[in-house]
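As structure tokens, the structure follows; a few thoughts come after it.
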Protein chains: 4
Amino acid sequence: MIIYRTKDRILYEALKLFSSKGIKETTIRDIAKAVGITEGAIYRHFKSKDEIVERLFSHYSEELYEVLNGALEEGEDFKGRFKNLVGSFLEYILKNPDVFRYLDIVHLLGKAQMENSDKLPMKAVYRLIEEGIREGYIREDVKYASAILVGTIDRIFMYKTMGILEDELELIKERTFSILWGCLVECRKGEDPA
Amino acid sequence: MIIYRTKDRILYEALKLFSSKGIKETTIRDIAKAVGITEGAIYRHFKSKDEIVERLFSHYSEELYEVLNGALEEGEDFKGRFKNLVGSFLEYILKNPDVFRYLDIVHLLGKAQMENSDKLPMKAVYRLIEEGIREGYIREDVKYASAILVGTIDRIFMYKTMGILEDELELIKERTFSILWGCLVECRKGEDPA
Amino acid sequence: MIIYRTKDRILYEALKLFSSKGIKETTIRDIAKAVGITEGAIYRHFKSKDEIVERLFSHYSEELYEVLNGALEEGEDFKGRFKNLVGSFLEYILKNPDVFRYLDIVHLLGKAQMENSDKLPMKAVYRLIEEGIREGYIREDVKYASAILVGTIDRIFMYKTMGILEDELELIKERTFSILWGCLVECRKGEDPA
Amino acid sequence: MIIYRTKDRILYEALKLFSSKGIKETTIRDIAKAVGITEGAIYRHFKSKDEIVERLFSHYSEELYEVLNGALEEGEDFKGRFKNLVGSFLEYILKNPDVFRYLDIVHLLGKAQMENSDKLPMKAVYRLIEEGIREGYIREDVKYASAILVGTIDRIFMYKTMGILEDELELIKERTFSILWGCLVECRKGEDPA
DNA sequence: CATGAATGAGGTTTCATTCAT
DNA sequence: TATGAATGAAACCTCATTCAT
């Protein structure tokens, strides 16, 4: 993918640097050098470093949301939607590891300004789980259920990007879905609803 | 708990600040002010800010490892050990949220120098899961199984400390154990080993 | 001489300050103030104070070498070359006392990184003396001969810059040459070669 | 030589450190560590670092003066006194290289407060040369003559301590005397007094 | 006499941001 | 739009000196 507009190249390089070194650890100069321009030029495109940080967060947070939301819309039944979401989630973050690492960093440092947004990835996950509960597939509390789903995916992402887990993407998607589906739906079937 | 030695007070305040603002975002002056001494005095106790970062990491990484390891040693059977570990894990991190947040930050920024240590929390988790697999309780691959276990706990910690999850500690321990045990052990009982 | 480029002004002022107060005793702020810029601006031109120290040393060490070497190339016979070198040496250091004092300071504090350079002033002096020995003018061992030559010049520089010696430059050149030539060449003429 | 009094041990270690690293580059802590006491203890013996610097300078400056002066008093005739002074000078500084390097550093940095002292090494050299001139041995101006004498000795010290000159002490004394005597006295014998 | 924690001033360096060109 | 020198605030760190013990 070739990015032509300077503004987009700045965002692209900033994302890579932020996610690999940290936000504070990345200087405007680092970004400028990566883009191939000088420090001053950055300020033609962004008012401040913080604006870059925020723009990146809202852009990618929304992009991931759209991906997850799209996954929900394409599935025919609940199982299909569930599988779609888990697969799309893994596919997106493993193909865009910088994005996910960056979102994590922003969260961890409490820099996320998300109050004003409806398009948070978490919302899509919640929607899926709430549907599952409403329709009797999932018996778990929504918070615990999403903790299992997102936590597991997050950890698998970590193992894969750290080189600990070596399975290929499709296999990872398959196994993760089967685990999560088994865990949240299948094995609770016979239980009394709490 | 009252800490008397300046050196320990420095570590104590640094941990709080690092975990709430980030490492780079916390200045030596912040730490000094929190402790009630001047910046220069810090350097009588630590050669550099990095030394504080490292000392905190190795100290608490090891402490958490000991907690998990202790949990493994006290359980009578596998189920007991499993329950112990999950409970101790949650109890420790929810009572010491700064520690867990700090360990996460160090990991995320890739500052961990852990090559030379055997006492990483992860090792204790692996040991439990490997035992479970060896003895037929767990059918999942060790990496996927630990991803579920640690990922779920991590996420529940996040929800609890963010105020999203309001259950009390004992209830959280109970529910988390029951979910994880069900997920990793119970509901796979009838399956054919892969 | 008016210096326009900031980088050169920094070097120029640093040399004056280093040579009058010492290197460690001169702060970046001193230099910046002398140049008329702020401390931070220095670092656009030099990575560190050490870089300034080294650049000054290698620049002036080489410049003095070129002066002495040039003197050697212009003389017609040995006596002419000898006179040229002594004269140029004195002229250069008395007109650039900061340079010579600076080179002395660097040597005395052992900061000179000269391994990789062939253009050390000493080399030119050695070349002259070795020629004198080869051609029978000088009977003294090369080390003792250069000790006399350089030591005497060094001391005369010191006396002149301290105000102890009041002769004018041309007279100093004349007398110093006559002393050194008499000492190293004339008065040994009748001796048996050792 | 074993030094028992703490005060003298401080001076002894300070001299070594100052002469090898420089004065500003040597910290009170360095000195304390070398002596085997703590920083605070230094201040029991000296009011300040400057006091150490000054005490060392006046002590060793005077000691070298006494050595040279003693040499002048022991010679029977002028030649003997000349030889004595050159030999004692070389012997003292080559056996106490730290002292001479230290005196040089103090001079170079302009820290010497010597106005109030009559016991400067230079004075002894001047006395010898003035006698030589008065009695017709030396025809050179006193400043040029002392420049030759002290400059040459200084340079030979430098070559010897840097390992460039490998002759043993007695040979160095012999050759240096013979050069300087030849240069300042012998070879001018037949000349017309200027 | 000695310790060693603490101070406080000041040093080097970094960096987001501005601005003349 | 872009450059790159400059600013100014603030970061980390050093160190002579003081002081309670």
Side-chain angles (χ1 to χ4, degrees), chain A residues 5-7 10 23-33 35-53, chain B residues 4-7 9-10 23-32 35-53, chain C residues 4-7 9-10 23-32 35-53, chain D residues 5-7 9-10 14 23-33 35-53:
Chain A
R5 284 177 49 226
T6 300
K7 186 161 190 164
I10 292 170
I23 295 171
K24 196 92 195 260
E25 289 81 358
T26 299
T27 69
I28 290 288
R29 198 176 213 165
D30 289 335
I31 300 171
K33 195 177 293 175
V35 173
I37 57 178
T38 54
E39 298 152 88
I42 301 264
Y43 289 85
R44 290 269 144 209
H45 302 279
F46 298 95
K47 268 209 313 292
S48 67
K49 186 177 172 183
D50 267 0
E51 196 192 327
I52 300 177
V53 171
Chain B
Y4 293 103
R5 284 176 52 224
T6 300
K7 186 162 192 166
R9 290 216 316 275
I10 292 170
I23 295 171
K24 195 90 194 259
E25 289 79 0
T26 298
T27 70
I28 291 288
R29 172 169 290 161
D30 290 335
I31 300 172
V35 174
I37 55 178
T38 56
E39 292 164 78
I42 301 267
Y43 291 89
R44 176 156 292 278
H45 302 281
F46 299 94
K47 271 210 304 292
S48 65
K49 186 179 170 181
D50 266 1
E51 196 190 324
I52 300 177
V53 170
Chain C
Y4 293 102
R5 285 174 52 225
T6 301
K7 186 162 193 166
R9 290 216 315 275
I10 293 170
I23 295 170
K24 195 89 194 257
E25 289 79 1
T26 298
T27 69
I28 291 288
R29 172 169 290 161
D30 289 335
I31 299 172
V35 173
I37 55 178
T38 56
E39 297 160 74
I42 301 267
Y43 290 88
R44 176 155 291 277
H45 302 280
F46 299 95
K47 273 210 305 291
S48 66
K49 186 178 172 182
D50 265 2
E51 196 190 325
I52 300 177
V53 171
Chain D
R5 285 175 50 223
T6 300
K7 185 162 194 165
R9 291 218 316 278
I10 293 170
I23 294 170
K24 197 92 196 261
E25 289 81 358
T26 298
T27 69
I28 290 289
R29 198 176 211 166
D30 289 335
I31 300 171
K33 196 178 293 176
V35 173
I37 56 179
T38 55
E39 299 152 88
I42 302 263
Y43 289 85
R44 289 267 145 211
H45 301 279
F46 297 94
K47 268 209 313 291
S48 67
K49 187 178 172 184
D50 267 359
E51 196 191 326
I52 300 178
V53 170

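Throughout, a chain's letter reflects where its sequence line sits, starting with A, and its residues are numbered from 1. Side chains included, hydrogens not; waters and symmetry mates left out as well; all remaining heavy atoms used.
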Rounded to the nearest 0.5 angstrom, the CD1-CD1 distance for I10(B) and I42(B) is 4.0 Å
Rounded to the nearest 0.5 Å, the CD atom of E39(D) sits from the CD1 atom of I28(D) at a distance of 8.5 Å
Pairs under 3.5 Å (Watson-Crick or G-U), crossing ones as [ ], inter-strand ones as |: DNA chain E comes out as .||||||||||||||||||||
Whole-Å distance, D30(B) CG to dA11(F) P, equals 7 Å
F46(D) CZ to dA2(E) P, in whole Å, measures 12 Å
Q) Under 4.0 Å: is that the gap between some side-chain N or O of T6(A) and OP1 or OP2 of dT1(F)? A) no
Note: K47(C) and E51(C) closest approach over all heavy atoms is N-OE1, 2.7 Å
Side-chain atoms of H45(C) come closest, of dT7(E), dA6(F), dA2(E), to dA6(F)
One should read off an interatomic distance between I37(B) CD1 and H45(B) NE2, to the nearest 0.5 angstrom, of 5.5 Å
In B/S/- notation (B base, S sugar-phosphate only, - none; protein heavy atoms under 4.0 Å), nucleotides 15-21 of chain E written 5' to 3' is SSBB---
### Query
Where the side chain of K24(B) meets the backbone of I23(A), is there a donor-acceptor pair that is under 3.5 Å apart?
no
I42(A) atom CD1 is separated from dG4(F) atom C1', nearest whole Å, by 14 Å
For D50(D), the side-chain hydrogen bond (donor to acceptor under 3.5 Å, both in side chains) test, sequence neighbours excluded, returns none
* **Neighbour count above 12 (heavy atom, 6.0 Å) for K7(C) NZ** => yes
Rounded to whole Å, the CD1-C1' distance (I31(C) to dG11(E)) equals 12 Å
Value for NZ (K33(A)) from OG1 (T38(A)), rounded to nearest 0.5 Å, stands at 12.0 Å
